[in-house]
Amino acid sequence: MNEQTTYNALVVGAGISGIRAALDLAQENRRVLIVDKRPAMGGILSQLDFQFPSNHCGMCKMLPLVRRDQGSQFCLRKGLFHENIDLVLSAELSGLSGEPGNFAVKIHEKPTWVDPDRCVGCGLCETVCPETVPDDFNRGLSTHKAIYLPVPHAIPNPYVIDLAACTRCGACADICPTGAVMLSTAERQNFHILVVDDELSVRDSLKEWLTEEGFSAHMAASGEEALEKLKTRPCQLMLTDIKMPEMSGTALLHEAKKAYPNLCVVMMTAYATVETAVEAMKTGAADYLIKPFQPDTLIPMVIRLYQDIEAAHDRELTVEALILATGTGFYHPADEKNIFGYGIFPNVVTNLEFERIISHTGPHGGGLKRLDNGRPIQKIAWIQCVGSRDIQNNADFCSTICCMAAVKEAVLTKTLAAGRSAEASTSQSTGHSTEQATGQVETVIFYMDMRAWGKSFQRYVDNAITEHQVRFERCRVHSLSQTKDTRELEVAFLADDGSRRTALFDMVVLSVGQRPADQTESLSKICDLPLTPAGFFETLPFAGSRTPREGIVAAGSAAGLKDISESVMLASAAAREAGQIIHTKTISEKRPAQTTEDTETPLYRDVSREPVRLFIGICTCGTRLSACIQPDALTQWFSLDPEIVKISFVDQVCTASGWEKLAREISGTRANRVLIAACHPYVFIKKITRLARTLGIAPDLMDVADIMGPVFRAAAQAPETLSAFAAEVFSTLNQGAERLKQADPTAPDQVPVCQRALVIGAGIAGMTAALALADAGHEVDLIEKTHQPGGNLNWLDQTLEGASLADFLQKTLDRIQKQPRITVHTTTRLIACKGLAGQFHSTIEICPETGAETKQVRDLEHGAIIVATGGHEAPTTSFCHGTHPAVITQKTLEIRLRNQEITPEQAGTVVMILCVDSRQEPRNYCSRVCCPTALKQARRLQDLNPDAAIYVLYRDMMTVGFSETYFTRARGDNVMFMAYDPKAPPRVSAETDTPVVTLKEPVLNQPVEISADLVVLATGMVPDLPHDLARVLGIDKDNDGFFQEAESKWRPLDALKEGIFACGTVLSPRSAAEAADTGRAAATRAIRLLSAPAIASDKTVAVVRHSLCSLCERCIDACPYGARTLNSDHTRILVNTLMCQGCGACAAVCPNDASILPGLSARQMLETVDAVFEQLEPDRM
Amino acid sequence: MTQAHHPLIIAFVCNWCTYTAADLAGTSRLAYPENIRLIRVMCTGMVDPQYIIKAFLEGADMVLVSGCHPGDCHYINGNYKARRRIKLLKEILPRIGIEKERLKLTWIGASDGIQFSKTMQELVVQAKKLGPNPVNTQSVR
Amino acid sequence: MKNTHARQPLKSVRNMVQACIQCGTCTGSCPNAFAMDHTPRQLWQMLLNDRPRDAITSKTFILCSSCYYCTLRCPRGLPLTDAMAALTRLAKTENPGGFKKSQAFFHQFLESVRRHGRVNESELMTLFFMEAKDPVLPFAYANLGIKFLRKNKIRLPFVKQKPSRGLDKIFEKVRELETHS
Amino acid sequence: MAHTLFLTSADETPLTLIRNFLKSVLQTESVQAVLVPAKLLPSDTLMPHLISDPDLLAGADPLSPVFPLNASRMAAKLSVKPVQGKIAMVLRPCEIRALVELEKLKQANLENCLLIGADCMGAVSAKDHTNMDPPENFSPPKEENLAPACRACEHFVPENTDITIGLFGITPKETIMLQAGTDAGMTLLKKIAKDTGRQFTEDASERQTAVAEKLKQRIGYRDAMFAATRQALDSPENFARYFERCINCYNCRVACPVCYCRECVFNTDVFDHAPYRYVQWARRKGAIRMPADTVFYHMTRLAHMSLSCVGCGQCSNACPNDIPVMEVFRTTAFDVQRAFDYEAGRDRDDPLPLSVFKETEFTDIVGIESGPTESAGTGNNP
């Protein structure tokens, strides 16, 4: 493993938040270590195949867009490689001390018993392992062997051993081709256990059990003898009786611990003295055993302790900042009353289990089958809010993600079922048998409020209803039962018309709520961090990722209840907080500021003028290669080619000695390209980088061809099919050789970057972004179209939680004023913007007074742009707004409350109408802030007039996350809530002095008439993104006029055009605190680009061969990133190397290869195709 | 037609989705036939019709282009562009007497290891049914 | 509709269900909901919507068998069974007009229990009809009565049953509690 | 609104009427020059000329059945960057259609041209050029003497013109019809109407009838040609045989109006192989045909250009070994363009099919279901 002991940041948790934060910092050229207690990365997302709205994955879109060559370019579920990131799995943070900028941390690594550096994932061990265990990855729905892959798709994918299930038969160690399994009994013999008991029979049986397990057991009959023995024979573990004649076990514990603080002690006790044992644990005992016990109680405990003590080792590291990205846990439905029979009825599953059921890597390979009998599912229901929004279950919060997850799962079910019927119709041709297959699946979602609170969510839900016929029943289900004969699940519920009905289902999915992740509590102790009442890490009011302890930040769900895009945003915000600490530390230590990257780039030999000299090193893997293909024949074939200087066969390239031999062989030649034919390429990524530095050959002129796949597969086949595998090996080798021969040896260009930024809009998001940028050392131009910065905070009064927004604004303004690197331009707008990422040239127009004379125009240069133009309350004419003075909007009420213009009389009877013109076409989205605002204002009005009668007319209360608490509180505080059906909205009549609101109350199905002193309309939010600005910037707006992000989940802040980012309410409606968080996150996205004065362009960036180019501009149309432009005199096509992602779309449309993707040019591709057909022995194949 | 026809299938697979699925099929030890040659490309949108023509002219019995599902392309829309090119080729290939059924386009997502394996097996079945590619490789090169 | 809830007599019951979010769990779980004229959810909504008359004249709470299912399942942890009981008590003390029948039934039911230690159906119905003072009422129950008779559920003539010891004490205690609440 | 003028002069042929018309076009302020096929002394061969001297228009002959080259390439070159004013271009319908394609490929800019097209009488094959009489007395060549491309051409009436010169079905013989297709064309025609004192009228129905009849005839020939070509190219073997005389001279793509690459990919490093590669191939296959990649070349050109093929037939004209290249391209182009609901040169606003896509289209070609067994090469497989 990596021996590095200092990192800029430690990220705990390798889920998406951890990955996002780590990548962000890595791209700022910070060294990051990620640890995760799971044996694989990816967190919860590695178990989910599909995310809405695309209903696919898309996680890879998180990968860096610039400096891509530093990291891996493949599916993120497989793994993550980045020059600046080290990843340690099966490891936990176990200790923390020091201060921000200089934390000493301890990392506790758990052994997996398989050397990850040597395991090539061939899977031979799995075939011989005799033991079977339930599979955690598939939520226990399937099984795996005792030696297994924790995640099926991760790469490198080292096997791990579940020691609890392992019988140490040694079969895996014997068959392992690389000797990666470390399961030797010899290692256990070095683990010494001292057994102290006055009863000989106990000593004897323990000695026998422990010795049989391979441990070294020592015996002592009394405490005194034990202490003597410990002097001569240091032991790692002591098992001691409590009741002994002379020295008691407790006394022995004290004595032994005094002398040997690291000794691990387990108390053995009769039932009567359990309390003593528990007491003993407080004074240093690790655990206790109740006598009498059997080996199957003792041995697992000893093995667990053995793993912890002996095999695990703590790494001590110094880090400057700590990011907690430990993700989320889930409510366990069987824990409390288990009203849904989870674990009792076989077809009741949690939503996470259901994700595994429909996953192609899941237990059913994506089949929609019942768990009890494997029959196809015809009727399925989702029950929402299981373990959330439930005070009886300690969950006075909304889990935020389950509504959309359930809708997605229902849509996927429908899609899968449609596929099932399609398969059934073609099954005759393929010979698959499908019993009772049908495309019809009935899907019902039982919900309380449909919380479609995000951008595009409402349309997704509408689409589920209209396109996919997903049924929604607004009713909380109290419990369910199972029919005896068919084992169908019966759900009783309250239908829309108020009648009580029952329905039968094949499967019921429980949408279990989020809970803090397991390790949250222990981490809070280690890091001395407070937790919220719900048990998540507490964060500061206007900084959603900053914990009260400086230097420690929380990313994503660790700070509670986030969906994917929010997690990704908050992770970037967390990266900013951490980045700031690192930056401050860097400045204070006067470390050389990171200049260009070439100071770090190792100097590789320039081979661009040399003829191709290719070295091929082939791993023989013992005799496995020669069993499949004749090495001599390979040598013979390749020696024909004058460009191949040498072909060497090396045994076990994966071992240290094999690798050294290979390196020697290469250095003995004058090779300038190296092909290694061995196992999976990803296993070698880091090794190749290191080898490249020693050999002075650029890593992209070295490659690994996976020839062992067919070799291993051949081993299991009949000899007569061997030639086919041999052909595959040969073809793979040829392909690899051809590609390398054609590889472009020129060094990448450096692209200059203007390290300044432009922030458009000085609302809270824009100001926060500007501050974050300036704090990181970048000059910022902050432009604002109005006379004063502050945006909506100029009129907003308080947050839902009661914090003063005016104070927050004032503090922010003060910081802006004090920050010399920020230049604020008020009454200014952007009128022109040219250039591309890294180098923008903008023109701003400053117009202090109305009238053209005073207009000033200035030019600005910058490398990145942050759009923070915000949004405002939507105007409306509905519900007599504008015709009756007592009908006002939420904003008007907020201003009047702030200015204390509301009298108690005016607050006598207040009707609040939510979702005015919202969540229906044409503004079919939820504005997210109005429901909490209504709660907040209701409380303010009640403060003003305790007798106030407040009626809130709503469609679905969107109090997601912890704002649910305030909903509960408002209910308790006598605020009246009445749902209304959007098809029969309330009416407001303005003919009288006091407006009269009428509606049909849906529960009682009776008309209600309220004569109101005040009618408050929640009209929601519309974006401020003028068409002209979008055009000038070259960015898109979404259906509703908001900033169109590159990808709603994975790149929520980026424009499709690289170098332009957005934050705040121009993205989508959000609260002030959330807007500030997005400001920090957007700053992070920009700093990736700005952190160096020049960025080396990536190797896989398309280039134009101008001498061949006919300027047909088809490549400009084809480029999905807008990276191509025609130069000003229309003579050349230009490629912005920071924006180009190397997809090759341009090359495919170019008829004569004037546009090429180096490494994958037409010449290389055609040669590769050719190589596939090369045959080793033409007459014998 | 021929007694022991081992069809050779060339598959242009996208780096992000289908290649990952192939990897997954490999690590999950799902059987897929040995007569498949994978050529990894960054995106199906970069597969020039020339590559496919070349594969057929060199004697491929079938060519598969496989990438991300619609809406899931790592490069936003490369798979849609690929679909148009495949459509084009399916019109052109019959001109030279190569059945359009020999060219296939599929979407196989990163987690669809099983789908990948099934697809490959099915392709071999179909390739056997179609018989050898009628191209005489001597005359075309 | 003016704000009246602060002054209404049902205030205490209303407070019990104040935090109701109309999720319907109570109704879904109620074994007697099929027979109720209003579902429990509707009953709470009536209280919350300032329709005390509708609430107190409903038969819903009379039919509550105190199985505590709703209380157990209510996501807000509301004391719904208690609220039902409180309504029953209120219905008695407030004795609003138009609520005679259920009132009379309730009264005579308990009287019967107090006297005999169990319900004597025939006696209960006779006294119920007398108290209700509705000449047509007995006919409404005629069919049911005949059914009961056939199944031997009601015996004619009255069989004298032993009064239960200690019951009076319980009734006394309840009366005491109710007057205090 | 009527936008058609009839010009008649008892002592003039249609050709002289056209020459006079072109003269008045050239005398328009905004027109800098006229690109038109002409025979100017001392040459005896009809070639496109860019004429600025009105008197030299006496040599112009846009009605000749001689079609030495597809002038769209020249037209594109002249239009791609603006000159002061416009250049009037008298082109054949297929040349205009090619020009429309070249504009989509950014090789031309029709805003800089005044496009004049005449009803096309068809052209004879290149090898028959020398036998041609000077067609001073306008007499269209007989259908059977036309080149195969023209006999199969259904686009003999120009499209996308500013002004169309109508000849089909127009009587008497000393009349031509002028029709405006754009505002620019209309402005010009108004001036001519004023100068000549003619009135605007509706289109002549006789012309429509004549066009319809000709179309029917052409489609008949075309479909027969398609059928024959399809049959001739039913296997890779036969395809190779079809092109067996090909010497990789690449004249066909030089002559092709829409093959717009500055340098063909087959001339670039992509096909510049080291000698040992040829040896390796020969070893693998036993033998390889030299020059290599002939079939690959034609297949590639089909892939690259069949969507923009206008069927002008210049590829066949250019082939030194008389390979009927046009037949292959027209047949394929017809299938390909129909598949994308596209027609080369039809509309300037139709995007190139490979430059756009829709999210829901061609879903039938996705997947591995074996689909209908209808296929190309049946029966003749080796």
Side-chain angles (χ1 to χ4, degrees), chain B residues 1 45 48-50 52-54 56-59 62 64-66 69-71 77-107 118-120 122-123 125-126 129-141, chain D residues 229-230 233-241 244 265 270 281-282 284-289 292-296 298-300 302-304 306-307 328 331-332 335-336 338-340 353-354 356-363 365-378 380-382:
Chain B
M1 226 171 282
D48 191 316
Q50 265 200 306
I52 296 166
I53 295 170
K54 168 85 176 171
F56 278 122
L57 294 184
E58 290 296 335
M62 242 182 182
L64 170 73
V65 175
S66 182
H69 284 275
N77 52 27
N79 45 5
Y80 295 124
K81 295 173 191 157
R83 186 166 59 192
R84 284 216 155 201
R85 289 192 199 113
I86 299 298
K87 177 72 185 169
L88 171 75
L89 278 173
K90 277 182 175 269
E91 297 296 328
I92 291 177
L93 287 173
R95 192 58 42 246
I96 186 186
I98 293 172
E99 301 90 331
K100 57 172 85 170
E101 290 74 30
R102 290 187 187 272
L103 175 61
K104 301 283 184 193
L105 172 72
T106 60
W107 314 135
K118 268 191 195 162
T119 303
M120 295 305 152
E122 172 66 16
L123 283 184
V125 170
Q126 289 189 21
K129 218 185 274 174
L130 282 166
N133 174 354
V135 164
N136 175 349
T137 58
Q138 288 173 3
S139 63
V140 295
R141 171 72 92 186
Chain D
T229 311
R230 288 195 179 108
L233 300 173
D234 61 349
S235 71
E237 193 106 306
N238 284 341
F239 190 90
R241 197 165 293 144
E244 65 193 351
V265 64
V270 176
W281 291 322
R284 180 165 97 218
K285 299 172 181 178
I288 51 166
R289 180 193 185 273
D293 292 323
T294 305
V295 171
F296 195 14
H298 290 289
M299 287 290 288
T300 302
L302 280 174
H304 283 172
S306 57
L307 275 166
V328 184
T331 310
T332 314
D335 294 344
V336 165
R338 188 180 49 185
F340 288 96
L354 293 188
V356 288
F357 60 84
K358 291 191 198 98
E359 291 183 5
T360 47
E361 61 176 5
F362 305 130
T363 46
I365 63 161
V366 182
I368 52 162
E369 286 74 42
S370 39
T373 44
E374 167 262 321
S375 59
T378 43
N380 277 1
N381 291 349

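Each chain gets a letter, A, B and so on, in the order the sequences are listed, and its residues count up from 1.
Here the closest non-hydrogen pair linking B/Ile92 and D/Val336 is CG1-CG2, 3.8 Å. For the residue pair B/Gly97 and D/Pro236, the shortest heavy atom distance occurs at O-CD, 3.8 Å. Nearest heavy-atom pair, B/Tyr80 versus D/Lys358, reported as atom, atom and distance to 0.1 Å: CD2-O, 4.1 Å.
In this structure, B/Gln126 contributes its side chain and D/Ile368 its backbone to a donor-acceptor pair below 3.5 Å.
Side chains of D/Ser306 and B/Leu88 form a contact here, defined as non-hydrogen atoms less than 4.5 Å apart. Within the 4.5 Å cutoff, no side-chain heavy atoms of D/Phe357 are placed close to those of B/Arg83. Looking at B/Leu93 and D/Met299, their side chains come closer than 4.5 Å, going by heavy atoms from C-beta outward.
Only the side chain of D/Val265 has a heavy atom closer than 4.5 Å to any heavy atom of chain B. Contacts of D/Thr360 with chain B are made by backbone atoms alone, with heavy-atom separations under 4.5 Å and no side-chain atom involved. Both the backbone and the side chain of B/Lys87 have a heavy atom closer than 4.5 Å to some heavy atom of chain D. If you measure heavy-atom distances from B/Pro70 to chain D, you find no contacts under 4.5 Å at all.
Taking NZ of B/Lys90 as the start and CD1 of D/Ile365 as the end, the distance is 6.5 Å to the nearest 0.5 Å. The distance from the CG atom of D/Leu302 to the CD1 atom of B/Ile96 is 9.0 Å, given to the nearest 0.5 Å.
Taking the charged nitrogens against the carboxylate oxygens, D/Glu361 and B/Arg84 do have a contact shorter than 4.0 Å, which makes a salt bridge.
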